[in-house]
A.B. asks: 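Sharing a structure here in structure tokens format.
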Amino acid sequence: MSEIVSRGRRIEVLFSADELARRNAELAAEIARDVGTTPLVIAILKGSFIFAADLIRALHGAGVTPEVEFMGLSSYRAGTQSSGAVSIVRDIETDVTGRRIVLIDDILESGRTIAFARDLLIARGASSVHACVLLDKPGKRAVEFEADFVGFPCPDRFVVGYGMDVGHAFRELPFVGVVASD
Ligand code: IMP
Ligand code: MG
């Protein structure tokens with residue numbers, strides 16, 4: 001397994017930059033086929049910002065002309081455990097009435113964050129909401145939720161990089177990795 005050192009910590013590579021780029025092209029083709037060419041794409045901040053930036057460019061390659069929005073959601077967590085409460089830190093500025101929406105998030109774990117976003121957008125009048133997540137930790141669901149598009153199933157480990165952080169660190173890594181415990 002390949003690894004790098006950053007901030008004095010060893011980071012094991014779980015999904016390389018090449019694997020992520022290949023999968024993004026496949027996801028974009030799936031989204032074009034199932035949602036069509038004019039979705040409103042909403043990236044859930046902060047963790048999805050790099051995935052969203054790459055996926056949106058892959059969507060261009062798949063012939064999709066999306067509008068792009070950002071929603072900041074915070075699920076309160078003590079350390080690495082989610083407590084359940086989700087709050088809106090930054091709302092979108094677009095009227096979603098009648099829109100076909102693709103929600104983008106980094107990780108689907110308990111499902112609370114993305115289920116909250118989907119329910120909110122449906123309540124505001126969206127005509128459909130599809131969910132696209134880079135990583136799915138399927139054993140960890142607290143609410144019933146399945147994403148329509150999944151990059152990779154993820155082992156039950158705390159991952160960093162490609163936008164995802166632990167304690168505000170490691171978002172800049174161009175791959176998804178795990179901090180080695182040493
Ligand atoms: P949930 O599905 O509501 O439990 O929350 C998923 C969110 O928790 C993700 O969008 C991430 O922001 C965060 N999260 C869950 N697992 C990890 C991880 O392994 N590394 C970094 N963030 C994580
Ligand atoms: Mg998140």
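One is the number of the first residue; the rest follow in order along the sequence. These figures come from a predicted structure and were not determined experimentally. Just so you know, ligand 1 is whichever comes first in the structure, and atom 1 is the first atom listed for that ligand.
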A.B. asks: Of the listed options (Val159, Thr113, Ile44), which comes nearest to atom 3 (O) of ligand 1 when hydrogens are ignored and any heavy atom counts?
C.D. replies: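 Looking at heavy atoms only, the winner is Thr113.
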A.B. asks: Considering distance alone, does some N or O of Ser75 sit under 3.5 Å from an N or O of ligand 1?
C.D. replies: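 Looking only at distances, the answer is no, because the N/O contact criterion of under 3.5 Å is not met.
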A.B. asks: Tell me if a side-chain donor or acceptor on Arg124 pairs with a main-chain N or O of Asp95 at a distance below 3.5 Å.
C.D. replies: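 Answer holds: no.
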A.B. asks: Pull out every atom of ligand 1 sitting under 4.0 Å from any heavy atom of Asp105, numbered as shown with elements.
C.D. replies: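 The atoms of ligand 1 under 4.0 Å from a heavy atom of Asp105 are 10 (O).
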A.B. asks: Mind telling me whether Phe51 and Tyr162 have parallel, tilted or perpendicular rings, with 30° and 60° as the class edges?
C.D. replies: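 Correct class here is tilted.
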A.B. asks: Can you name the atoms of ligand 1, numbered from 1 with element, that are less than 4.0 Å from a heavy atom of Ser110?
C.D. replies: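 So the atoms of ligand 1 that pass are 1 (P), 2 (O), 3 (O), 4 (O).
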A.B. asks: With the side chain counted from C-beta on, respond yes when Ile107 and Leu134 share a heavy-atom pair under 4.5 Å apart, and no when they do not.
C.D. replies: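 Contact flag for Ile107/Leu134 side chains = no.
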A.B. asks: Answer yes or no for Arg7 and Phe170: cation-pi contact, defined as NZ/CZ to six-membered ring centre under 6.0 Å and angle to ring axis within 45°.
C.D. replies: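 Verdict for Phe170: a cation-pi partner in Arg7.
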A.B. asks: Show which atoms of ligand 1 fall inside a sub-4.0 Å distance from at least one heavy-atom site of Asp165.
C.D. replies: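 Numbered from 1, ligand 1 contributes 21 (C).
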A.B. asks: Run the numbers on Glu30 and Arg23 for salt bridge (Lys or Arg N to Asp or Glu O under 4.0 Å), then give the verdict.
C.D. replies: CA-CA 11 Å; Glu30 290 177 30; Arg23 189 68 187 121; 3.6 Å; yes
A.B. asks: Determine, considering heavy atoms only, which of Asp106, Val166, Leu73 sits nearest to atom 11 (C) of ligand 1.
C.D. replies: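 Answer by nearest heavy atom: Asp106.
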A.B. asks: For ligand 1, which atoms, with element, lie under 4.0 Å from some heavy atom of Arg157?
C.D. replies: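 So the answer, numbered in order with elements, is 19 (O).
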A.B. asks: At a 4.0 Å threshold, what atoms of ligand 1 neighbour a non-hydrogen atom of Lys137?
C.D. replies: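 In order of numbering, the contacting atoms are 16 (N), 17 (C), 18 (C), 19 (O).
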A.B. asks: Just by distance, do the side chain of Arg90 and the backbone of Met71 share a donor-acceptor pair under 3.5 Å?
C.D. replies: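 No; judged by distance alone, with no hydrogens or angles, the pair does not exist.
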A.B. asks: Do Val166 and Phe158 have side-chain heavy atoms sitting under 4.5 Å apart?
C.D. replies: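 Touching, per the 4.5 Å side-chain cut-off.
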A.B. asks: Got an N/O contact under 3.5 Å between Met164 and ligand 1?
C.D. replies: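 No.
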